[in-house]
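Report on the following structure.
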Amino acid sequence: MKKKYVFLLFFLLLIAAVPRGIELLNHNYLFGYDQGEHFLQVKKIVVDRNPTLIGTEVGGGGGFFQGPGWYYLLAIPFILSNGDPYAAMILMFIIGRLVVLFAFFFIRKMFDDKTAFISILLLAISPIIIIQSRFIWPPFPIPILTVFLLFFLFGVLQKKQRYLPFLTLTLGLITHFETATAATLFINLLILSPVIFIKKLVSLRTAFLSITTLLLTQLPLIVFDIKHDFLNIRGILKLIFSSSSVKVPIQDAFSNRWDVFRNNFLSTFPSGEIIWPLLLIIIFVGVISYMLDKNNSFSKKSFVLFLVVSPVLLFMIFMKYGSFMWSWWILELNVYYCFLLGILFGYLWKKTIVKTIIIGMLLLFIGSYAYQTFNFYKNDFNDFGGVHKIKGKIQALDYIYADAKGKPFNLIAFTPPVYTYAYDYLIWWHGGGKYNYIPKKDKKGVFYLLIEPDSGKQWSYKGWLETVIKTGTILETKELPSGFIIQKRYEEENKI
């Protein structure tokens, strides 16, 4: 690769890094219910030596589990940092950069340098993909898996049979991060499969091998099902049959899907909510021109068609689901859109008038990205985060430990989601690691109440005090700047 291309790639990786690195620089990131639950599961695997065969429970009315891959991925930074969640933020940052890096090498191999650079520029500055590097959450590694999946799919369309087992392997891995994404992707590929076999792109032997690699990714869940009366299979079947007709009113279901898909598309591009009509025109004209051009190969046309048709198919598939859908179920589409627009921009670049429009759009994207990044650092970098981010929670724990002055105490937390996973983990990691003391949750002797007020119902914790706590003489009540309320109580031990 030419030196100027190396410099440009490095520059685009830097562009990708700047907005994604805020939480790495200020060491302050979201650590709530989900993060606490996941880190407790990782602690069980690493510290308690209790490996798991299942991940988070999902499935709505069906009731089944995702694969445990997210927990085992988190186990890597957990081990390297002795449980510090900050290491997981580093992992998310790295994954975000790798999305751009792998996309460059793959698209360059699939198409050309110009298409690759345009595509990774779109990936680097995409608002929704940037956000995915700033939170520790299982669906957010899906974009990098999507990059691999699209590369393997393109290889299959080029009659390279060896890519199909890798494609199904990647699809199976996605189930460990979001089952709804993997399931709908699987349906997409099933719809594509007649084209594959009609064109004789793969042999039956390769097809069976591909099924094997898919099943290998599900091995933990298969073993779990065998041990537990096929709980997952029964849950999936229950979900499928209960979703045969839309439970919510059809107009509400359609409106929900429309909002989710619309926001997904608009948030893929900087200023997408302003420039979307021009984007749609470029996509429509570009796809028609691309498909009619005899110089474009079957594999390239089929790939572009897959990228265009997939959002429509997914919309129709989700209409069969009996409840409301969530935005993170279609995170793969953000990568699809960046690939598609990069391919079309690269193809239309040779047309002078269109080239001018493309350059203008890219400059608008970059300007919007710069403005948004500036606001990120202006608003988010110094944002303490109240009760939601790690610094506020650590500050509250430090206050309690300092007030206890090395004497034994108990600690009970209140949080609006009811389950106190985040505090349970931080008490174990921070309290046990820094102070060598992990308090119990007993209401005897000196005990502290760590209260996270509900932002929508500031008074809700009072019911908890009156019904769950009830006992103990109040010694002191302190409200921290973060919003946490800490109450110190005392109850004679022989009264409990």
Side-chain angles (χ1 to χ4, degrees), residues 7-32 34-35 77 81 84-101 103-104 117-137 139-144 263-264 266-275 327-328 331 334-335 337-338 360-396 422 455 480-484:
F7 175 79
L8 183 57
L9 176 60
F10 176 81
F11 179 70
L12 291 176
L13 288 173
L14 179 62
I15 285 178
V18 174
R20 290 168 170 83
I22 294 175
E23 281 69 27
L24 295 191
L25 296 174
N26 67 8
H27 287 251
N28 196 21
Y29 45 90
L30 181 70
F31 196 84
D34 291 318
Q35 291 76 27
S81 66
D84 189 344
Y86 178 74
M89 279 306 314
I90 297 176
L91 173 66
M92 300 306 296
F93 174 79
I94 292 173
I95 290 174
R97 297 282 301 284
L98 290 179
V99 168
V100 177
L101 186 62
F104 172 75
F117 278 118
I118 294 174
S119 298
I120 69 167
L121 170 62
L122 297 174
L123 289 168
I125 64 178
S126 171
I128 194 170
I129 298 179
I130 288 172
I131 289 173
Q132 293 161 18
S133 294
R134 298 181 56 193
F135 295 94
I136 307 168
W137 207 43
F140 288 165
I142 286 177
I144 191 170
N263 292 332
N264 176 274
L266 297 182
S267 61
T268 301
F269 308 104
S271 297
E273 68 282 356
I274 298 174
I275 204 173
S327 60
W328 56 87
L331 294 182
N334 307 122
V335 178
Y337 295 141
C338 290
M361 291 178 68
L362 292 177
L363 289 175
L364 176 63
F365 288 159
I366 294 172
S368 179
Y369 152 85
Y371 178 76
Q372 183 185 53
T373 301
F374 173 79
N375 283 330
F376 278 155
Y377 276 88
K378 179 182 177 181
N379 300 320
D380 296 350
F381 187 81
N382 293 315
D383 177 29
F384 194 71
V387 299
H388 304 294
K389 292 187 178 181
I390 192 78
K391 282 188 177 180
K393 288 179 166 64
I394 294 297
Q395 182 191 67
S455 57
L480 300 181
S482 61
F484 279 108

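All values below come from the heavy atoms of this structure, side chains included, with hydrogens, waters and symmetry mates left out. Just so we're clear, the structure is a prediction, and the values are computed from it rather than from any experiment.
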CZ-SG distance between F269 and C338, expressed to the nearest 0.5 angstrom = 5.0 Å
Distance-minimising heavy-atom pair for K393 and V387 = NZ-O, 2.5 Å
Quick one: does K389's side chain have a donor or acceptor within less than 3.5 Å of a partner on F31's backbone?
-> no
For the residue pair M89 and I136, what are the closest heavy atoms and their distance?
-> SD-CG1, 3.5 Å
Distance col, row F376:CZ vs T373:OG1, nearest 0.5 angstrom, shows 6.5 Å
Stepwise side chain to side chain contact (heavy atoms under 4.5 Å, CB included) test for L8 and F117 | CA-CA 8 Å; L8 183 57; F117 278 118; 3.6 Å; yes
Of the non-hydrogen atoms in L123 and A103, which two are nearest, and what is the gap between them?
-> CD1-CB, 3.4 Å
So, does S368 use its side chain to make a donor-acceptor pair with the main chain of L364 at under 3.5 Å?
-> no
Measure the shortest side-chain to side-chain distance between Q372 and P127 over non-hydrogen atoms and say whether it is less than 4.5 angstrom.
-> yes
Using the side chain to side chain contact (heavy atoms under 4.5 Å, CB included) rule, take L30 and W137 through it: C-alpha gap first, then chi angles, then the decisive distance, then the call.
-> CA-CA 10 Å; L30 181 70; W137 207 43; over 6 Å; no
Closest non-hydrogen atoms of K391 and H27, given as atom of the first, atom of the second and distance, are CE-O, 3.9 Å
The reported gap from OG in S133 to CG in L98 (rounded to nearest 0.5 angstrom) is 9.5 Å
Value for CG (N26) from CG (D383), rounded to nearest 0.5 Å, stands at 8.5 Å
Within the side chain of S126, is there an N or O that forms a donor-acceptor pair under 3.5 Å with the backbone of T268?
-> yes
Over all atoms of both residues, closest heavy-atom pair of Y377 and P19 = CE1-CA, 4.4 Å
Euclidean distance, I142 CD1 relative to I95 CD1, rounded to 0.5 Å = 11.0 Å
Can you see which heavy atom on A124 is nearest to which on A16, and at what distance?
-> CB-CB, 3.8 Å
Flag, side chain of Y86 to backbone of L24, donor-acceptor distance under 3.5 Å = yes
Without swapping roles, check the side chain of N334 against the backbone of N264 for a donor-acceptor pair under 3.5 Å.
-> yes
Okay, side chain of R97, backbone of A17: is any donor-acceptor separation there less than 3.5 Å?
-> no
First locate atom CD1 of I125, then atom CD1 of I120, and finally report the distance between them rounded to the nearest 0.5 Å.
-> 11.0 Å
Could you walk me through whether L121 and F365 pass the side chain to side chain contact (heavy atoms under 4.5 Å, CB included) test, one step at a time?
-> CA-CA 10 Å; L121 170 62; F365 288 159; over 6 Å; no
Yes or no on side chain to side chain contact (heavy atoms under 4.5 Å, CB included) for N28 and D380, after CA distance, side-chain angles and deciding distance?
-> CA-CA 9 Å; N28 196 21; D380 296 350; over 6 Å; no
Distance-only, no hydrogens or angles: does the Y29 side chain make a donor-acceptor pair with backbone N or O of A88 under 3.5 Å?
-> no
Indicate yes or no: at least one non-hydrogen side-chain atom of Q395 is less than 4.5 angstrom from one of S482.
-> yes
